[in-house]
Amino acid sequence: MKNIALSIAISLGGIAVGLPVVAQQSTVDITANQSLSTRQTQVPNAQLDSLLAPIALYPDTLLTHILIASTYPLDVISADRWRQSNKHLTPEQVEDVLEDVDWDPSVKALAAFTDLLNTMANDLDWLQQLGDSVLISQDRVLDRVQVLRQHARNTGNLDTNDYIEVETEQNHSREIIYISPRQREVVYVPYYDPQIVYGNWWHPIAPIFWSHQVNYHRHRNVYWSPRVRISAFFSFGAVHWSNRHVIVHRQPVHRFYRGSQRKRVISNDYQRWEHRVDHRRARYSTRVLQTQPTRVVHSSNRSVSTRHLASSLGSRSISKAQSIKPESAIRRTGTNKAAINKTRTFRKDANRSRTSQNQVSPVVKTGSVSNKRTANRQTVTRTSKQTVSRNVSPKRNVSHYERSRNVQSQNRLSKDK
């Protein structure tokens, strides 16, 4: 018996020792599978560099809005269609009108850049691929942006000028390049040929080239758009280049930041940006679903099934055939200026109709009173006739007994007297 008990104790001890090893091994396997799936779904560097080539030299704030907005493609399409039908509005007016619109703040910030927004909305493949790359791995996207900036700096096409201010910082073994507008209240959008600005293109895949307008001003190898005046609200986003993730300001920004961009991003007023799954309103691609199923699967299908805003699940979930009206993005129940104006006009019309009714009502009332009076008169005459007819009874035949009683009563009265 002692030998049996001793063998059981030894076997239980071996199992207890082996359990943490098995649990640790399973955790390692899950992490390895997730990293393997991430590597399999990530696009190659050549394709990612081609996607980022036209926007890598943008100011950090503008680049931040583009990266965030690419994860909400339907908002970008709606904003572009609205902007194309309201080109007469200035950037200041656009910001006032879109204050209560249910778009992502990054999309509303890009609404002032008409040409840029239109270019993004017209290239749906580029828009979705960029958004998928941001959702899968922000750090990799931002790392490739720094690689492209370094190439442009080595060729002499990225330096401080009248439009942008370039600042560098040495972080461990790599150099970080910051780009900010030279004037905080004005932003110029650069357009360029990637195969010239970045030097000899080193990938077999050609970079994406965005054409510019005729009125753009050329400075060296870059064409600069006309200036776009912005408010302090535009600077609510930035990039934490040291940690390779996008950050946003916790509260609405009301003042322009005048200091260095390196010191600005480490402020406690910023927090890491998180993608809003409930605001997506479009299906996620297979790449995103494979890498982050816990974040996007539970609500992506539900939001799309109710609104029917995206096509079936696949690599291209956005179609040009989608009919998204510009006013569809504006909340019908919101307190926007258009709704307020409509309510005001409705109230004015109602008041006018009431006053017009009051002006006509006295005539109607007098007529009704006269009619009532005549009706009352008729009723009075009828009742009077009835009472008169009731009081005046017709003559009836008097019997002999009644006559005799009347004679007796008269005799008694005469005797009393």
Side-chain angles (χ1 to χ4, degrees), residues 38 42 48 51-52 55-56 58-76 79 95 98-99 101-113 116-117 120 127-146 149 171 176-181 187 230-254 256-257 261-282 284-285 287-289 291-300 303:
T38 303
Q42 284 181 350
L48 187 56
L51 294 173
L52 296 172
I55 62 174
Y58 283 8
D60 292 348
T61 305
L62 183 59
L63 177 65
T64 303
H65 298 329
I66 294 174
L67 296 179
I68 297 176
S70 64
T71 62
Y72 306 105
L74 293 182
D75 285 357
V76 174
E95 184 177 350
L98 300 181
E99 183 178 359
V101 179
D102 191 17
W103 291 336
D104 189 79
S106 61
V107 178
K108 292 192 285 187
L110 293 175
F113 301 84
L116 175 60
L117 188 64
M120 295 173 59
L127 183 63
Q128 182 174 355
Q129 291 179 19
L130 179 62
D132 293 347
S133 300
V134 173
L135 292 175
I136 293 172
S137 179
Q138 285 187 45
D139 56 350
R140 185 165 176 262
V141 171
L142 297 176
D143 186 69
R144 300 311 300 177
V145 170
Q146 286 294 326
R149 289 184 176 184
N171 185 8
I176 299 177
I177 301 176
Y178 299 86
I179 303 177
S180 60
V187 174
I230 58 174
S231 63
F233 170 76
F234 183 81
S235 303
F236 68 88
V239 180
H240 200 304
W241 291 109
S242 299
N243 296 333
R244 292 293 195 270
H245 61 252
V246 177
I247 58 177
V248 292
H249 206 273
R250 299 175 185 270
Q251 301 295 332
V253 180
H254 299 289
F256 288 99
Y257 183 78
Q261 296 296 318
R262 295 185 290 108
K263 297 180 181 180
R264 172 172 173 258
V265 297
I266 62 176
S267 173
N268 294 328
D269 296 332
Y270 287 89
Q271 62 182 356
R272 184 166 183 171
W273 168 75
E274 293 292 339
H275 175 71
R276 294 173 53 192
V277 181
D278 58 341
H279 193 70
R280 167 79 175 188
R281 294 197 290 261
Y284 293 90
S285 65
R287 293 171 50 209
V288 179
L289 294 177
T291 55
Q292 299 180 0
T294 58
R295 291 183 57 191
V296 298
V297 171
H298 66 280
S299 62
S300 61
S303 61

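None of the values given here were measured: they were computed from a predicted structure.
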**Student:** Using 0.5 Å steps for rounding, measure from the CD atom of Gln128 to the CG atom of Leu130.
**Tutor:**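 The distance works out to 11.0 Å.
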**Student:** Counting C-beta onward and ignoring hydrogens, is there a side-chain heavy-atom pair between Val187 and Thr61 closer than 4.5 Å?
**Tutor:**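 Counting from C-beta outward, Val187 and Thr61 never come under 4.5 Å.
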**Student:** Carefully, step by step, assess Val145 and Val239 under the rule side-chain contact (heavy atoms from CB on, under 4.5 Å).
**Tutor:** CA-CA 11 Å; Val145 170; Val239 180; over 6 Å; no
**Student:** On the 0 to 90° scale, with breaks at 30° and 60°, tag the Phe113-Phe234 ring pair as parallel, tilted or perpendicular.
**Tutor:**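 Aromatic pair Phe113/Phe234 classed tilted.
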**Student:** Taking side chain as C-beta onward, heavy atoms only, is Ile247 less than 4.5 Å from Gln271?
**Tutor:** no
**Student:** Just jot down the side chain to side chain contact (heavy atoms under 4.5 Å, CB included) partners of Glu95, sequence neighbours excluded, or say none.
**Tutor:** Ser231, Phe233
**Student:** How long is the gap from CG on Leu48 to CZ on Arg140, to the nearest 0.5 Å?
**Tutor:**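 Reported to 0.5 Å precision, the distance equals 5.0 Å.
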**Student:** Taking the side chain as every heavy atom from C-beta outward, state whether Leu116 and Ile66 have any pair of such atoms under 4.5 Å apart.
**Tutor:** yes
**Student:** Only counting residues at least two apart or in another chain, list the ones meeting ring pair (Phe, Tyr, Trp, His ring centres under 6.0 Å) with Tyr58.
**Tutor:** none
**Student:** What I'd like to find out is whether the side chain of Arg281 reaches to under 4.5 Å of the side chain of Asp102, using heavy atoms alone.
**Tutor:** yes
**Student:** Testing the basics here: between Leu51 and Ser133, what is the closest heavy-atom pair and its distance to 0.1 Å?
**Tutor:**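 Heavy atoms only, the tightest pair is CD1-OG, 4.5 Å.
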**Student:** Return the set of residues passing side chain to side chain donor-acceptor pair (under 3.5 Å) with Gln129 (not counting sequence neighbours), or none when no residue passes.
**Tutor:** Gln47
**Student:** What residue pairs, at least two apart or across chains, pass salt bridge (Lys or Arg N to Asp or Glu O under 4.0 Å) with a residue in residues 61-72?
**Tutor:** none
**Student:** Between OG of Ser70 and CD1 of Ile55, what distance do you get to the nearest 0.5 Å?
**Tutor:** 7.5 Å
**Student:** Below 4.5 Å, heavy atoms only, C-beta onward: do Tyr270 and His240 meet side chain to side chain?
**Tutor:**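 Contact flag for Tyr270/His240 side chains = no.
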**Student:** I'd like to check Ile176 versus Gln146 (side-chain heavy atoms, cut-off strictly below 4.5 Å). Are they in contact?
**Tutor:** yes
**Student:** Looking at residues at least two apart in the chain, or sitting in another chain, which of them share a salt bridge (Lys or Arg N to Asp or Glu O under 4.0 Å) with Arg144?
**Tutor:**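 Arg144: salt bridge (Lys or Arg N to Asp or Glu O under 4.0 Å) contacts with Asp49.
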**Student:** Would a 4.5 Å heavy-atom cut-off, applied to side chains only, mark His275 and Val288 as touching?
**Tutor:** no
**Student:** Tell me which pairs pass salt bridge (Lys or Arg N to Asp or Glu O under 4.0 Å) where either residue lies in residues 234-253, with sequence neighbours left out.
**Tutor:** Asp143-Arg244
**Student:** In chain order, what residues pass the side chain to side chain contact (heavy atoms under 4.5 Å, CB included) check against Val253, with sequence neighbours excluded?
**Tutor:** Ala232, Phe236, His249
**Student:** Hey, could you give me the CD1/CG distance between Ile179 and Leu62, rounded to the nearest 0.5 Å?
**Tutor:**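 Taking CD1 in Ile179 and CG in Leu62, the distance rounds to 10.5 Å.
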**Student:** Below 4.5 Å, heavy atoms only, C-beta onward: do Leu135 and Tyr284 meet side chain to side chain?
**Tutor:**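 A side-chain contact under 4.5 Å exists here.
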**Student:** What pairs with Ala69 under side chain to side chain contact (heavy atoms under 4.5 Å, CB included), at least two apart in sequence or on another chain?
**Tutor:**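 In terms of side chain to side chain contact (heavy atoms under 4.5 Å, CB included), with neighbours along the sequence ignored, Ala69 is linked to Val76, Ser106, Val107, Leu110.
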**Student:** Check Asp132 against Ser285 and note the closest heavy-atom contact, atom names and distance.
**Tutor:** OD2-OG, 2.9 Å
**Student:** Please name all residues satisfying side chain to side chain donor-acceptor pair (under 3.5 Å) with Trp241, sequence neighbours left out, ordered by chain then number.
**Tutor:** Asp60
**Student:** Keeping Gln138 on the side-chain end and Val246 on the backbone end, is there a donor-acceptor pair under 3.5 Å?
**Tutor:**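 Between the backbone of Val246 and the side chain of Gln138 there is a qualifying donor-acceptor contact (under 3.5 Å).
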**Student:** Of Asp75, Asp104, Thr71, which is the lone residue that meets side-chain hydrogen bond (donor to acceptor under 3.5 Å, both in side chains) with His279?
**Tutor:**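 Exactly one pass, corresponding to Asp75.
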